[in-house]
Number of protein chains: 2
Amino acid sequence: MTRSPLTREAVLEAAAALVREHGPGALTMRRLAGELGTAVTSIYWHVGNREQLLDALVERTVQDMGAIRAAGRTPVERVVSVAAGMRRELREHPHLIGMVHERGLTERMFLPAQRALVAEVRAAGLRGARAADAVRAVQFQVVGFVLVERNRERSPVQSPGEGELWDPPQGSAADAPATAPGDPALARALARPADPERLFTLSVRALAEALLAQG
Amino acid sequence: MTRSPLTREAVLEAAAALVREHGPGALTMRRLAGELGTAVTSIYWHVGNREQLLDALVERTVQDMGAIRAAGRTPVERVVSVAAGMRRELREHPHLIGMVHERGLTERMFLPAQRALVAEVRAAGLRGARAADAVRAVQFQVVGFVLVERNRERSPVQSPGEGELWDPPQGSAADAPATAPGDPALARALARPADPERLFTLSVRALAEALLAQG
DNA sequence: ACCTGAACACCGTTCAAGT
DNA sequence: ACCTGAACACCGTTCAAGT
């Protein structure tokens with residue numbers, strides 16, 4: 001029953017499967033060895049230590065990420081479509097995004113998207129440092145949004161606090177300004193959980209509108 | 001040499017110190033016990049398991065966070081000042097923010113800031129669901145930005161990829177649109193590392209301008 | 001060149017036993 | 001009510017030894 005000889009590629013494949021199916025927490029060297037039917041120590045020979053294994057894994061999926069193409073008529077709509085594409089790609093790799101983030105590779109991951117954003121920003125008439133700022137603002141916005149969003153999904157017991165907002169601030173100092181006097185629709189809207197999809201589009205569009213208006 | 005009896009408060013204090021000085025990774029039950037001069041198992045009696053200890057720790061510092069007051073003349077400037085305050089508070093607890101984030105408490109952490117934002121958004125004339133969207137958009141923007149920013153700081157080997165953007169896309173398909181034809185200032189700006197402080201203010205101001213303009 | 005088991009230094013957690 | 005040590009089931013990593 002000699003197994004096919006272990007390769008670096010096979011190790012990465014098994015590791016990726018483990019992460020995909022059971023999350024990054026399930027990726028232990030010993031469990032991986034079990035999955036591969038080898039001794040733990042063999043893995044070290046092929047991919048170095050655990051940290052290097054994770055690096056390779058991340059590198060791999062970053063390169064697998066597809067290009068992002070703009071769609072829409074106005075530059076603002078095209079920027080929004082690129083942002084939506086970035087978000088979609090991030091969300092398609094729910095486990096990886098955290099690992100990419102921890103490794104500081106989020107920007108490299110979005111080089112193609114950056115290229116697309118540059119084109120749109122220039123089409124809107126922005127040049128030089130101002131154009132660069134606009135591109136970066138959108139990139140930060142998108143990545144940041146997805147990070148917050150993903151976290152929100154993982155721990156759904158978020159909203160209880162949001163209701164308190166409308167009770168009198170009991171323990172707090174009296175210098176807290178009175179807010180939302182007589183706007184029950186606002187209060188209700190904030191009490192409801194946010195619709196991330198809508199909020200995302202709305203935010204990116206607002207940001208893009210303001211930034212591109214300078215062109 | 002009988003030590004003063006162990007209390008829940010003492011455990012939390014020691015744990016907080018450990019995190020503050022050596023990061024969350026240093027907070028192990030055994031090391032904590034060592035620091036306190038007790039058996040590991042005593043900790044369990046006082047605070048439950050490690051997860052509950054972290055919960056309590058986070059809860060603690062979330063409540064310690066000060067109120068945030070708006071400053072400035074226009075609603076936009078006042079929103080920007082609140083956002084800056086949120087960012088400052090987050091950055092003052094560099095280790096905690098990750099823990100808060102993982103526990104999905106970021107929003108609760110910012111209830112006072114939300115109250116301030118509601119006031120400004122209403123001052124700009126927004127009402128109901130539209131006002132709620134504006135508030136949430138800013139909140140997401142700020143928290144997301146700080147998350148991305150913090151990650152960037154932790155792994156400074158980020159920029160190498162950004163240079164590649166301006167080389168001909170060698171391996172990539174020919175369908176990649178040509179970008180930034182003849183804008184060396186843009187290329188240079190994107191090659192330089194971003195100035196987060198500037199980018200933050202710029203982004204929040206742009207977002208606030210567009211959102212508040214609807215009022 | 002590739003794979004192995006043994007060993008080291010860590011983890012979090014449970015539990016029966018002490019006072 | 002509070003604290004303890006022993007024990008269990010895990011970790012990542014090193015290393016000398018095998019083929």
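Residue numbering restarts at 1 for every chain, and letters A, B, ... go by the order of the sequence lines. Worth knowing before you read on, the calculation uses all heavy atoms, side chains too, and leaves out hydrogens, waters and symmetry mates.
Residues A:V148 and B:Q139 fail the side-chain proximity criterion, which asks for heavy atoms closer than 4.5 Å. Using a 4.5 Å heavy-atom cutoff, the side chains of B:Q141 and B:S203 are in contact. Residues A:R31 and A:H22 have side chains in contact (heavy-atom distance under 4.5 Å, counting atoms from C-beta outward). Put simply, the side chain of B:E77 does not reach to within 4.5 Å of the side chain of B:E120, judged on heavy atoms.
Near DNA chain D, defined here as any heavy-atom distance below 4.0 Å, there are no residues from residues 8-22 of chain A.
C:dG5 atom P lies 13 Å from atom CD1 of A:I43, rounded to whole Å.
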Going 5' to 3' through nucleotides 7-19 of chain D and flagging B where a protein heavy-atom sits under 4.0 Å of the base, S where only the sugar-phosphate is that close, and - otherwise, we get B---BBBBB----

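Remark: A:L211 CG to A:R136 CZ distance equals 14.0 Å, nearest 0.5 Å. Taking CZ from A:R205 and CG from B:L207, the interatomic distance works out to 13.0 Å, rounded to the nearest 0.5 Å. Note that CD of A:Q114 is 9.0 Å distant from CE of A:M86, once rounded to the nearest 0.5 Å.
A salt bridge links A:E9 with A:R60; the closest basic N to acidic carboxylate O contact falls under 4.0 Å. In this structure, A:E92 does not pair ionically with A:R87, as no charged nitrogen and carboxylate oxygen lie closer than 4.0 Å. Here B:E51 pairs with B:R103 in a salt bridge; the nearest charged N to carboxylate O distance falls below 4.0 Å.
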Just the dot-bracket of DNA chain D, please: which string comes out with Watson-Crick or G-U pairs under 3.5 Å, [ ] for crossing, | for another strand?
||.|||||...|||||.||

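Phosphate contact (OP1/OP2 of C:dT4, side-chain N/O of A:S42, threshold under 4.0 Å): present. Proximity of B:H46 to the phosphate of D:dC3: a side-chain N or O atom is located under 4.0 Å from OP1 or OP2.
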